[in-house]
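Naming: A, B, ... by sequence-line order, numbering from 1 per chain.
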2 protein chains.
Amino acid sequence: MQAISPAAARHFPPAALAMRGPAAIPRRPAAEPGVRLRFAKGEAIYTEGDEAERFYRIVSGTVRICKMLHDGRRQIEAFHFARDIFGLERGDGHRFTAEAVDDVVVLAFRARGLEDLIRDDPDLGGELMTSLLSSLDRARDHLVLLGRKSAREKIAAFLLDIAERLSGDDHFELPMQRGDIADHLGLTIETVSRTLTRMARDGLIGLQACGRTVEILNRDGLTAADAG
Amino acid sequence: MQAISPAAARHFPPAALAMRGPAAIPRRPAAEPGVRLRFAKGEAIYTEGDEAERFYRIVSGTVRICKMLHDGRRQIEAFHFARDIFGLERGDGHRFTAEAVDDVVVLAFRARGLEDLIRDDPDLGGELMTSLLSSLDRARDHLVLLGRKSAREKIAAFLLDIAERLSGDDHFELPMQRGDIADHLGLTIETVSRTLTRMARDGLIGLQACGRTVEILNRDGLTAADAG
DNA sequence: CGGTCGGTTGAGTATGCTCAATCCACGTGG
DNA sequence: CCACGTGGATTGAGCATACTCAACCGACCG
């Protein structure tokens with residue numbers, strides 16, 4: 001359950017509505033290694049219902065994959081970072097929306113005729129299969145988190161995951177804002193904020209720069225705060 | 001949040017612990033169409049951590065894919081019915097457990113050397129890819145449900161989904177018990193029961209036979225009760 | 001007939017949500 | 001340089017949904 005009117009407003013930034021999609025995308029033959037595209041912060045890469053013509057590999061930046069319910073509630077299925085593949089879907093149309101969390105550069109590949117492509121290049125099939133299995137693994141773990149973990153456990157798991165994927169280090173900068181984290185973890189902005197603040201008070205993490213910069217101070221404690 | 005001691009007890013039926021795995025599985029060449037196996041109600045088909053040697057296609061029965069947290073909380077990632085493929089995972093080991101909800105018959109296929117198999121038979125690759133994409137779609141929709149829907153919306157969505165997959169009809173029998181539904185939808189047994197009872201009182205559904213037989217009486221109402 | 005298992009129902013509670021105020025950093029314009 | 005407005009984050013108070021604990025019911029089985 002989530003607010004209806006304020007949440008809806010929060011999820012339709014006027015900027016995002018104004019600049020939908022890049023002007024014209026040059027068509028290249030299928031064997032092409034991919035077309036380079038830029039998207040500004042907040043811009044939609046594709047929208048639910050769009051024809052699923054392309055899939056993407058991220059060169060730099062962060063992408064969120066999300067779905068909205070009609071009343072404005074939003075669920076962010078996943079965040080994707082550099083080198084991740086996204087946008088490959090069964091069927092003709094995209095069932096989710098992909099948006100740039102910050103400035104993003106991607107390589108776009110044609111999805112049509114993918115079967116033929118794989119027939120020609122079995123290694124590609126293997127790579128895509130691996131990428132799909134990886135997405136599926138991630139989605140499954142996230143199901144467990146959403147279905148059965150407390151707010152504190154969710155945040156702990158999220159921070160550990162992000163740290164690993166973003167830096168491998170214990171020090172990183174969150175590319176997304178509180179509302180994105182909330183909609184990813186099935187929480188509200190307020191609960192995310194409160195939980196982070198409390199974790200900082202407990203000495204598990206350090207927070208700087210508008211709460212965007214995070215440092216893991218007590219990795220064991222944070223791991224224990226997750227439920228595994 | 002979930003109970004700790006009672007829930008844990010509920011999830012370790014002595015029967016399931018007693019009879020782990022079928023005795024001996026005959027090894028056949030890779031091109032084999034699949035080895036037929038039977039599993040009794042409650043039996044584990046594979047357990048988290050097991051080597052992922054095989055994947056499966058269901059001939060008959062219902063399978064649940066689940067993960068337990070150490071304190072006994074459980075999340076059921078998915079239910080699978082006849083014709084569904086499950087058990088294909090990235091990496092060497094199963095990260096989830098598959099259990100027979102009722103008596104189950106499956107065909108088991110060797111997962112090792114799958115890349116070679118696909119190289120030999122590109123159609124198989126396509127079929128598996130489709131199956132994977134289908135699982136991913138399903139997992140993503142379920143993420144939205146778990147993260148952002150109310151108890152009533154969850155149950156409504158669940159019933160509509162099950163009806164479609166199980167019978168295509170508005171009349172069907174639930175193969176799983178309340179605890180399974182609860183752990184699939186991120187709820188408790190009591191909330192599932194109460195919500196179903198209320199839906200029956202509201203004339204949306206009919207319930208018979210220990211609440212196992214369900215009839216959809218008002219499909220529009222039920223669809224409206226979901227959030228889409 | 002007693003025991004168990006699965007399901008239902010009731011009463012009270014806690015976690016996380018809602019509503020609202022405040023704060024802070026930043027950018028803009030007088 | 002400072003006033004002002006804005007967007008994001010934080011904090012507080014009260015509340016609602018779903019959980020916990022517990023009793024009860026009905027079917028089935030030995």
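Judged by distance alone, with hydrogens and angles left aside, B/R194 brings a side-chain donor or acceptor within reach of the base of D/dT20, the pair sitting under 3.5 Å.
Between A/G186 and A/C210, the one whose closest nucleotide on DNA chain C sits nearer the 5' end is A/G186.
For the pair A/R178 (side chain) and A/G211 (backbone), a donor-acceptor distance under 3.5 Å is present.
At a threshold of 4.0 angstrom between heavy atoms, the contacts of A/R212 are confined to the sugar-phosphate backbone, with no base atom among them.
Taking side-chain N and O atoms only, B/T191 has a distance below 4.0 Å to OP1 or OP2 of D/dC19.
Considering only side-chain atoms of B/T188, the nucleotide from C/dG6, D/dT20, C/dT18 that sits closest is D/dT20. Closest approach to the A/T197 side chain among D/dA9, D/dT11, D/dA18 is made by D/dT11 (side chain taken as heavy atoms from C-beta onward).
Rounding to whole angstrom units, CD of residue B/E190 and C1' of C/dG12 are separated by 13 Å. Distance CZ (B/R148) to C1' (C/dC17): 10 Å, rounded to an integer number of Å. D/dT11 atom C1' lies 11 Å from atom CZ of A/R201, rounded to whole Å. Protein atom NZ of B/K41 is 12 Å distant from nucleotide atom P of C/dC5, rounded to whole Å. When the C1' atom of D/dT17 is taken as reference, atom CD of B/E153 falls 12 Å away, rounded to whole Å. Note: CG (B/L145) to P (D/dA18) measures 12 Å, nearest angstrom. Between B/L196 atom CG and C/dT9 atom P the separation is 11 Å, expressed in whole Å. Atoms CG (A/D71) and C1' (C/dT18) sit 15 Å apart, rounded to a whole Å.
Relative ring orientation between B/F39 and B/Y56 is described as perpendicular, the plane-to-plane angle rising above 60° on a 0-90° scale split at 30° and 60°.
Salt-bridge formation is not detected for the pair A/K41/A/E99: no Lys NZ or Arg NE/NH1/NH2 atom is positioned less than 4.0 Å from an Asp or Glu carboxylate oxygen.
Remark: the A/H94 side chain and the A/E48 side chain contain no N/O donor-acceptor pair separated by less than 3.5 Å. Counting only N and O atoms by type, the side chains of B/S131 and B/S134 include no donor and acceptor under 3.5 Å apart.
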